[in-house]
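Taking it in order: structure first as structure tokens, then the write-up.
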Amino acid sequence: MKLTAKIVGIFLLGIVLLTSLFGYLTAQSEFEQYKRAQEETAASLGNEVRETLIVAWKDQGHQGAIKLVRDFATRHQQMTIRWVPTDGDASPETDLPPQQELAVATTKTMATIITHDAEGEDQYMIYYPVDVENARAGYVEFNVPLEEAEEYARLTTYRTALIIAAMSIFGLVIIFFGVRMVGQRLDKLVAKTKRISAGDFSSPVQVAGNDEIAQLGAALNEMSETLQTQQQELDEAATARLSAMEQLRHIDRVKTVGRLASGIAHELGTPLNVVSGRAGLIASHRLSAEEVTESALVIKSEADRMAEIIRQLLGFARRRPPQRTTVDLRELIASAINLLQPMAHQCDVELVAVDGPSLSTAVDPAQIQQVVTNLIVNAIHASSGGTVRVALESQMAAPPGGAISPTEQYYCISVEDQGTGISEEAMPHLFEPFFTTKDVGEGTGLGLSVSYGIVEDHNGWIDVQSQLGEGSRFTIYLPQQVA
Ligand code: ADP
């Protein structure tokens, strides 16, 4: 049930109960008053007849008293009056109340008894005692008609019922208008609040009037507009942040491509020399038909190799929207190593993939390849000779700052070098944007910060272990995810 109907219903129920109680108490009190008034009348009539009654009783005993009271009754017909002797046998009438109930009566407080007549109607009897020489001679019995009082009580009950019915109708009218004026308007406010919490700030709530509910509606609309503005600002800020991040990532990729380019240009030198030599031989017409075919096949194979290297480089450099797919991380590492092998050669570094399992998870392959490439480039740069090892394994781990003991299975890509290591001063700043220890023009300080952002976007993290002068190990932790 609606709040308005509930409140009015409870209010109405209270009023109905109180009115019924009031009606009942009024009827009771009026009945009592009626009885008291009748008692007073009986007392005054008793007082009036008492002296002559004593004389009659003394003269003629009960018969005298009966006769006198009968005469007296004919003059006072508002109630039935008769003489009741203390000795039951002396009275021709029967059905007298027990004498001990009457014995307590005095001329001030008379005995009153309610009995039922043959038809079952209530009879109100008042007994006025008559004492002669300190002995009870008998009673004057007043039989008070109760119809009038009962009729009055009936009238009171009827009026009360009428008032209750009128109030119920009035209550229903209040409920009807209350639901319209309060309930329906509150419903609108509730609906608007639900829309706001669901992120829908459109269509302001329309609540007519100038009362508190209308004011609440206006306040709700104002709040909704403010929230909408703030939401737009947040969205814009988030979009701007995303786009800035995307730009930084792209800059980092372009920088890496630049670094790779010199190694790759060098790498292309050998196949180009082979192609040139073989093409010269074919052009000299000194080769047999089989030798021409063989040279052409060598040219094709070298051209394919060059095309593959260029394709990988372009693939790495290409800007594309982030997109997750299920990838075999071992293949991803192999591809990065392939791309970096020329650079490693140039720097006299041995770049190897440690034999490991083939593990698949949902990632953005281009982004994760960018991270692995950054770590390998840094490892090569930090090394002079030596070996850079890239390994893939699955292990239990807990995110930094999270649970102390490992809680989940993660896929870990580690890049380990035997290079310079990282100083204690540099360690806390490694992942800060633009932090670099390299010379101007050599390092941008973007690689690690961009890498960290990418791994964080994949719900993972990067861990560093390093010993100055002995080497470093960077480990990427990626959760197992499905696309
Ligand atoms: P950049 O390589 O352009 O300097 P990065 O963010 O990739 O930017 O690296 C920041 C710094 O972290 C590097 O300048 C270097 O001092 C340090 N660093 C990163 N990787 C290694 C590593 N494998 N060995 C030693 N130092 C490293």
Side-chain angles (χ1 to χ4, degrees), residues 244-264 313 316-317 332-333 336-337 339-354 364 366-393 400 412-458 460-478:
M245 226 160 67
E246 199 45 50
Q247 252 168 329
L248 276 184
R249 285 176 188 179
H250 187 66
I251 291 169
D252 177 61
R253 291 174 77 77
V254 171
K255 173 204 78 184
T256 309
V257 170
R259 279 177 178 163
L260 294 176
S262 81
I264 286 172
L313 187 66
F316 181 82
L332 187 145
I333 293 170
I337 287 181
L339 207 56
L340 287 159
Q341 215 53 275
M343 185 187 194
H345 274 155
Q346 268 190 330
C347 300
D348 206 16
V349 172
E350 194 188 355
L351 176 58
V352 291
V354 179
D364 182 317
Q367 288 185 351
I368 296 300
Q369 195 187 18
Q370 183 174 354
V371 176
V372 175
T373 308
N374 274 341
L375 296 187
I376 298 176
V377 168
N378 278 345
I380 294 173
H381 279 165
S383 312
S384 45
T387 308
V388 170
R389 282 192 178 78
V390 186
L392 171 67
E393 58 181 347
C412 309
I413 304 170
S414 60
V415 178
E416 193 178 339
D417 64 61
Q418 299 160 335
T420 55
I422 300 163
S423 70
E424 264 181 48
E425 299 80 58
M427 194 60 114
H429 307 290
L430 281 191
F431 295 102
E432 287 172 9
F434 308 111
F435 172 79
T436 179
T437 56
K438 295 173 187 167
D439 290 340
V440 180
E442 287 220 340
T444 58
L446 278 180
L448 285 182
S449 78
V450 162
S451 298
Y452 202 92
I454 290 174
V455 176
E456 225 176 22
D457 277 359
H458 284 76
W461 71 95
I462 300 178
D463 176 62
V464 193
Q465 283 170 353
S466 185
Q467 198 72 46
L468 201 57
E470 287 186 19
S472 316
R473 180 164 58 190
F474 284 73
T475 310
I476 307 163
Y477 286 85
L478 292 171

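For ligands, and for the atoms within them, numbers begin at 1 and follow the listed sequence. Atom set for the values below is all heavy atoms of this structure, side chains included, hydrogens, waters and symmetry mates excluded. Keep in mind that this is a model prediction, so the values were computed, not measured.
Distances below 4.0 Å separate heavy atoms of A382 from the following atoms of ligand 1: 22 (C), 24 (N), 25 (C). Heavy-atom contacts of G421 reach the following atoms of ligand 1: 25 (C) (cutoff under 4.0 Å).
Taking the side chain as every heavy atom from C-beta outward, I422 and F474 approach each other to under 4.5 Å. Between H250 and Q370, the closest side-chain pair of non-hydrogen atoms is not below 4.5 Å.
There is a side-chain donor-acceptor pair under 3.5 Å between N374 and S451.
A donor-acceptor distance shorter than 3.5 angstrom exists from the side chain of D417 to the backbone of S472, with no hydrogens or angles considered.
At least one N or O atom of D417 sits closer than 3.5 Å to an N or O atom of ligand 1. Of the polar atoms of L430, none of the N or O atoms is found under 3.5 Å from an N or O of ligand 1, judged by distance alone. Any N or O atom pair closer than 3.5 Å counts here, and T420 shares no such pair with ligand 1.
Heavy atoms of F474 found under 4.0 angstrom from ligand 1 belong exclusively to the side chain. Of the heavy atoms in T444, both backbone and side-chain atoms come closer than 4.0 Å to ligand 1.
Counting only residues at least two apart or on different chains, the salt bridge (charged side-chain N to carboxylate O under 4.0 Å, His left out) pairs with a member in residues 248-258 are R249-D457, D252-K255.
Residue nearest to atom 9 (O) of ligand 1, selected from L468, L448, V377, D439: L448 (by heavy-atom distance).
Nearest heavy atom pair, residue A336 against residue Q369, reads N-NE2, 3.6 Å.
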Could you please spell out the steps behind the side chain to side chain contact (heavy atoms under 4.5 Å, CB included) verdict for D364 and H458?
CA-CA 8 Å; D364 182 317; H458 284 76; 3.8 Å; yes
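The shell of residues lying under 4.0 angstrom from ligand 1, judged by heavy atoms, includes S472.
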